[in-house]
Protein chains: 2
Amino acid sequence: MRISAKADYAVRAALELAATEGDASVKAEVIAAAQGIPHKFLEGILGDLRRGGLVASQRGGKGGYRLARPADTISIAEVIRVVDGPLVSVRGVRPPALSYRGPAESLLPLWIAVRANVRKILGEVTLAEVAAAKLPGDVLGLAEDPEAWTNP
Amino acid sequence: MRISAKADYAVRAALELAATEGDASVKAEVIAAAQGIPHKFLEGILGDLRRGGLVASQRGGKGGYRLARPADTISIAEVIRVVDGPLVSVRGVRPPALSYRGPAESLLPLWIAVRANVRKILGEVTLAEVAAAKLPGDVLGLAEDPEAWTNP
DNA sequence: TCATTCCCTATTTTTCCAGTAGGGAAAATA
DNA sequence: TATTTTCCCTACTGGAAAAATAGGGAATGA
């Protein structure tokens, strides 16, 4: 299960906006430099976020980007969906559209369970929480287990 | 987050073996037909599973493949790791190797939490359970929630 | 010996990811 | 109005990885 560069970049860009005081606009170039993201590639991503209604933009002199909604109302899952489509897919297909035969029939509910779990985490955590380094208790609990950091 | 065709095929092939009575060998061609997997592609996957120690093979007349260990000792996570490498990665990199700056710093524990959760599910469910359509209670609980089947 | 089946290597085809290029449109500033 | 700044749009490219194919070699049982 791989999280794409696009999704990673999009979340980091959104976090930069979430961390900006007030309604000030931030230029794409500034975000790119702060997070080490290729400038033009980032512009495309910010365009996706804008079309997805998560970000507002302003052209010209003092222009730039800002969040379209308060940072505590935007989940990480939303950001990823806007740039990458479905949160979880199998062979590029979203789970409910899959069909399995024979002993593999119970694979579908298994993928559904995985997806539900991912949704639960990424859907409850907001940009505000990550930007402020204040993850919800249950998520922090999972992340704090030393076992979670071990390799394979 | 995308699960590759290879991982999906590998699990389904392993489930066919898990569902086979006794130690009987199953031919690659039979598995391919049962699950609708391209025969030659499947052969490569079965080779990976064999080199990973999950499957044993036998050449010649009555040859074929069978599980190298009891089906209730092989988790879905093991199967996926053998054919695809790390269970979860960000931009192709496994989470502990990532490094984030500024407001994105808490992204790392978040990815870790997601990974821990995926591991928890796929690591506890065995081939035997899926093949017998008897998923563990907690997994079934997640999968039974109608909410989990809704689209986005 | 012969049919069967796994085994190995190489090659192809396709798809998608990540990144680049160049210019046009809007807005502020002067 | 002219100029600068910045977002905005379209196209495109390179390359890697995913998915699949091809062909023959090596073991095994009959």
Side-chain angles (χ1 to χ4, degrees), chain A residues 1-13 16-17 20 24-33 35-68 80 83-86 89-93, chain B residues 1-13 16-17 20 24-33 35-68 80 83-86 89-93:
Chain A
M1 302 187 64
R2 176 194 167 109
I3 290 158
S4 70
K6 208 168 166 187
D8 184 54
Y9 289 165
V11 173
R12 284 156 64 190
E16 285 287 338
L17 298 180
T20 302
S25 291
V26 185
K27 282 180 283 192
E29 183 54 51
V30 172
I31 300 175
Q35 289 294 327
I37 303 171
H39 171 223
K40 279 299 211 175
F41 191 37
L42 177 62
E43 274 200 352
I45 291 168
L46 288 167
D48 288 343
L49 293 176
R50 179 179 52 79
R51 280 183 289 275
L54 299 185
V55 147
S57 61
Q58 174 80 10
R59 294 202 253 204
K62 305 217 61 166
Y65 295 89
R66 59 194 160 72
L67 294 181
I80 297 179
V83 298
D84 254 6
S89 72
V90 179
R91 277 179 290 132
V93 177
Chain B
M1 305 188 63
R2 177 192 167 108
I3 290 157
S4 69
K6 207 169 165 186
D8 183 56
Y9 290 166
V11 173
R12 284 156 64 190
E16 286 286 339
L17 298 181
T20 302
S25 291
V26 185
K27 284 179 284 191
E29 183 54 50
V30 171
I31 300 175
Q35 289 294 327
I37 303 172
H39 170 224
K40 280 298 211 174
F41 190 37
L42 177 62
E43 274 200 352
I45 291 168
L46 288 166
D48 288 342
L49 294 176
R50 179 180 49 80
R51 279 183 291 273
L54 298 186
V55 148
S57 60
Q58 174 80 9
R59 294 201 252 202
K62 303 216 63 164
Y65 295 89
R66 57 195 162 73
L67 293 180
I80 296 179
V83 298
D84 253 7
S89 72
V90 179
R91 277 179 290 134
V93 177

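Atoms considered below: every heavy atom in the structure, side chains included; atoms not considered: hydrogens, waters and symmetry mates. To find a chain, count down the sequence lines: A is the first, B the second, and so on, and within it residues start at 1.
With rounding to the nearest 0.5 Å, the separation of OH in Y65(B) from NZ in K27(B) is 12.5 Å. Rounding to the nearest 0.5 Å places CG of D8(A) at 9.0 Å from CD of Q35(A). Residue E29(B) holds its CD atom at 11.0 Å from CD1 of I37(B), rounded to the nearest 0.5 Å.
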Which nucleotides of nucleotides 5-14 of chain C have their base under 4.0 Å from a protein heavy atom (B), which only their sugar-phosphate (S), and which neither (-), written as one string 5' to 3'? BBBB------

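If you measure from atom CD1 of I37(A) to atom P of dG19(C), you get 10 Å, rounded to the nearest angstrom. The NZ-P distance, from K6(A) to dC16(C), rounds to 12 Å in whole Å. Summarising the geometry, the separation between CG on D48(B) and C1' on dA20(D) is reported as 14 Å, rounded to the nearest angstrom.
Between Y9(A) and dA18(C) there is no side-chain polar atom (N or O) within less than 4.0 angstrom of OP1 or OP2.
Under the 4.5 Å side-chain criterion, counting only non-hydrogen atoms from C-beta, L67(B) is not in contact with L54(B). Residues P38(A) and Y9(A) meet the side-chain proximity criterion, which asks for heavy atoms closer than 4.5 Å.
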Worked check of salt bridge (Lys or Arg N to Asp or Glu O under 4.0 Å) between R2(B) and D84(A): CA-CA 10 Å; R2(B) 177 192 167 108; D84(A) 254 6; over 6 Å; no

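Residue-to-nucleotide proximity on DNA chain D shows that, of L42(B) and D84(B), the 5′-proximal contact is made by D84(B).
Comparing dC17(C), dG19(C), dA19(D) against the side chain of R2(B) picks out dA19(D) as the nearest.
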